[in-house]
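Chain A is the first sequence line, chain B the second, and so forth, proteins listed ahead of strands; every chain is numbered from 1.
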There are 2 protein chains.
Amino acid sequence: MVHQQFAALGDPTRLAIVERLARGPASAGDLAAPTTMSLPAVLKHVRVLEDAGLVTTVKRGRVRECRLRDDALVAVATWTAQQQALWSTRLDALGTLLEDM
Amino acid sequence: MVHQQFAALGDPTRLAIVERLARGPASAGDLAAPTTMSLPAVLKHVRVLEDAGLVTTVKRGRVRECRLRDDALVAVATWTAQQQALWSTRLDALGTLLEDM
DNA sequence: ACAACAGTAAACCACATGGTTCACCAACAG
DNA sequence: CTGTTGGTGAACCATGTGGTTTACTGTTGT
């Protein structure tokens, strides 16, 4: 279900979290620090990313460590490539069709 | 603003529209036909895709023709590739760090 | 043992979103 | 000219979403 991942990435704060996490793991507090938001709000976003299969979290002691999943973006990447391929082959079809005339 | 494109693709009906449009242009009615939705609803979705820069529409006579933009998904593709690159290089960093120990 | 700290749960709120229906306009087809 | 068809605008509605605050739990440093 790739639309769930798109929806998760559709929110700017969530997108920023992913970009942050691509640089390396971080605690929930680390993620909240650069923002003006409250910690609960950030943690809700993390939960959404987790549900979308983009992020995994583990709780070590009292801090929750968040990290980007290794396979996080493959579904997105493959879907995108697939649609681009379809669209470009259709362009080819149009090109040959124009040549026939 | 790539998050807008992600948000646009986050809705299942909108995603389906894009997949349909990748096979070739279609009228608003064509897009509404396979769904159970009303035409105004579909047209609202098309408008969202248009605002996100994924789709262009032209009105020929009384029918509105919708087509996928040629550069629709490049921003999405490049962003995804970039984050994947960042994440994988970080993994390399961790690998070398482990070797040092 | 205690105080401070990181996270969590719950209740709540404002607003955006996805959908409907109805009335209407413009373009064909006869 | 007239009826039908494709699309549009507006009003409206239910639900989801992004955020808050407050109160609480469990960990950690002293």
Visitor: For A:Gly61 and A:Asp11, take the nucleotide of DNA chain D holding the closest heavy atom to each; which residue's nucleotide lies nearer the 5' end?
Guide: A:Asp11
Visitor: Round to a whole Å and report the spacing from NE2 of B:His3 to C1' of D:dT17.
Guide: 14 Å
Visitor: Taking the side chain of B:His45 as heavy atoms from C-beta outward, which of C:dT21, C:dG19, D:dG18 is closest to it?
Guide: C:dG19
Visitor: Tell me yes or no: between the side chains of A:Thr56 and A:Glu50, is some donor less than 3.5 Å from an acceptor?
Guide: no
Visitor: Are any of A:Arg60's side-chain N or O atoms less than 4.0 Å away from OP1 or OP2 of D:dT27?
Guide: no
Visitor: Name the nucleic acid region contacted by A:Ala41, choosing base, sugar-phosphate or nothing; use a 4.0 angstrom heavy-atom cut-off, strictly under.
Guide: base
Visitor: Should A:Leu73 and A:Leu54 count as side-chain neighbours, where that means a heavy-atom distance under 4.5 Å?
Guide: yes
Visitor: Please give, in whole Å, the distance from C:dC5 C1' to A:Leu39 CG?
Guide: 11 Å
Visitor: Can you tell me whether the side chain of A:Arg62 and the base of C:dC5 have a donor-acceptor pair closer than 3.5 Å?
Guide: yes
Visitor: Let me know the distance between CD of B:Gln4 and P of C:dA16, rounded to the nearest Å.
Guide: 15 Å
Visitor: When you measure from the side-chain N and O atoms of A:Thr13 to the phosphate of D:dG19, is any distance below 4.0 Å, counting only OP1 and OP2?
Guide: yes
Visitor: Do you know the tightest heavy-atom contact between B:Leu31 and B:Arg20?
Guide: CD2-CG, 3.7 Å
Visitor: Among C:dG19, D:dG18, D:dG19, which nucleotide has an atom closest to any side-chain atom of A:Arg14?
Guide: D:dG18
Visitor: Check every atom of D:dT20, C:dT20, C:dA6 against the side chain of A:Ser38 and return the nucleotide holding the closest atom.
Guide: D:dT20
Visitor: Between C1' on D:dG18 and CD1 on A:Ile17, what's the gap in Å once rounded to a whole number?
Guide: 12 Å
Visitor: Would you say A:Ser27 and A:Glu65 make side-chain contact, with heavy atoms under 4.5 Å?
Guide: no
Visitor: Touch check for B:Arg47, heavy atoms < 4.0 angstrom, all strands: base, sugar-phosphate only, or nothing?
Guide: nothing
Visitor: Starting at atom CE of B:Met37, determine the distance to atom P of D:dG7, rounded to an integer number of angstrom.
Guide: 14 Å
Visitor: Any donor-acceptor pair under 3.5 Å joining the side chain of B:Lys44 to the base of C:dG19?
Guide: yes
Visitor: Using whole Å, report how far CG of A:Asp30 lies from C1' of C:dC5.
Guide: 14 Å
Visitor: In whole Å, I'd like the distance from the CZ atom of B:Arg64 to the P atom of C:dA26.
Guide: 15 Å
Visitor: For the pair made of CG in A:Leu43 and P in D:dT20, what is the distance, rounded to whole Å?
Guide: 13 Å
Visitor: Is it true that the side chains of A:Trp79 and A:Gln5 contain a donor and an acceptor less than 3.5 Å apart?
Guide: no
